[in-house]
Amino acid sequence: QGQLVESGGGLVQTGGSLRLSCAATSRTIVSYDMAWFRQSPGKEREFVAGINWSDTKTDYLDSVEGRFTISRDNAKNTVYLQMNNLEPEDTAVYYCNAVIGRFARKDFAAWGQGTQVTVSS
């Protein structure tokens, strides 16, 4: 299995922006649909945004539609999540992984450490 390294999180005020990065090592993302997930304390990990392998289709959780943008750079083996107009409800640890639909694949990589996003009101 490959490894996934998420970065770019931080503490921002409501309405602020962050850009998350997810770098895959030891495994190419080229042939895989990829997605971002998030998990906040006491809640299950949830799908946030996905992008297909050919970078022609995206999918978003309703609550982030219009505020978040997922993108990918296959040459850099990296997936990004641009988050604008952040809300306190977006506070969570953010992860990425390869997916089938909105479900993480079990055969691509184990979950990384994630990156903490905290939005203050």
Can Arg67 and Asp90 be said to form a side chain to side chain contact (heavy atoms under 4.5 Å, CB included), step by step? CA-CA 11 Å; Arg67 300 187 297 121; Asp90 297 317; 2.7 Å; yes

Do Val5 and Leu81 belong to the same hydrophobic cluster, where Ile, Leu, Val, Met, Phe, Trp and Tyr are linked whenever their side-chain heavy atoms lie under 4.5 Å apart, directly or via other members? no

Yes or no on side chain to side chain contact (heavy atoms under 4.5 Å, CB included) for Met34 and Trp53, after CA distance, side-chain angles and deciding distance? CA-CA 7 Å; Met34 300 294 295; Trp53 67 273; over 6 Å; no

Hey, any chance Val93 and Leu20 share a hydrophobic cluster, counting ILVMFWY side chains that come within less than 4.5 Å of each other, even indirectly? no

Please tell me if the side chains of Lys43 and Arg38 come closer than 4.5 Å, counting only heavy atoms from C-beta onward. no

pair Thr28-Asn77: side-chain heavy atoms closer than 4.5 Å: yes

Pair Phe47-Asp59, side chain to side chain contact (heavy atoms under 4.5 Å, CB included): steps then yes or no: CA-CA 10 Å; Phe47 169 90; Asp59 180 26; 3.5 Å; yes

Would you say Val64 and Val79 are hydrophobically clustered, going by side-chain heavy atoms of ILVMFWY under 4.5 Å? yes

Kindly indicate whether a cation-pi arrangement holds for Arg45 with Trp111, taking the cut-offs as under 6.0 Å to the six-membered ring centre and within 45° of the axis. yes

Under 3.5 Å donor-acceptor, Asn52 side chain and Lys57 backbone: yes

Holding to side-chain contact (heavy atoms from CB on, under 4.5 Å), I want the full list of residues that pass it with Val99, two or more places apart in sequence or in another chain. Asp33, Ala35, Phe37

In this structure, are over 12 heavy atoms from other groups packed under 6.0 Å from Gln113 atom CD? no

Can you confirm whether more than 12 heavy atoms, excluding those of Glu46, are under 6.0 Å from its CD atom? yes

Can you measure from CZ (Arg72) to CG (Asp55) and round to the nearest 0.5 angstrom? 6.5 Å

Would you say the side chain of Leu4 lies within less than 4.5 Å of the side chain of Phe108, judging by non-hydrogen atoms? yes

If we only count heavy atoms from C-beta on, is the Thr91 to Ser40 side-chain gap below 4.5 Å? no

Is Leu61 reachable from Leu18 through a run of I, L, V, M, F, W or Y residues, each pair having side-chain heavy atoms under 4.5 Å apart? yes

A side-chain contact here means heavy atoms from C-beta on lying under 4.5 Å apart; do Met83 and Tyr94 qualify? yes

One should read off an interatomic distance between Gln3 CD and Ser26 OG, to the nearest 0.5 angstrom, of 5.5 Å

Rounded to the nearest 0.5 Å, what separation is found between the CG atom of Asn97 and the CD atom of Glu6? 8.5 Å

Does Phe68 reach the side chain of Asn84, with side-chain heavy atoms less than 4.5 Å apart? no

Between Gln82 and Ser17, is there a side-chain heavy-atom distance shorter than 4.5 Å? yes

Closest contact, heavy atoms only, Ala109 versus Gly2: CB-O, 3.3 Å

All heavy atoms of Thr14 vs all of Ser121, minimum pair found to be OG1-CA, 3.4 Å

Geometric cation-pi criterion Arg19 and Tyr80, 6.0 Å radius, 45° cone: yes

Could you check whether any side-chain heavy atom of Thr115 comes within less than 4.5 Å of a side-chain heavy atom of Tyr95, counting everything from C-beta outward? no

Could you state whether Val48 and Tyr60 fall into the same hydrophobic cluster, counting links through intermediate Ile, Leu, Val, Met, Phe, Trp or Tyr residues with side-chain heavy atoms under 4.5 angstrom apart? yes

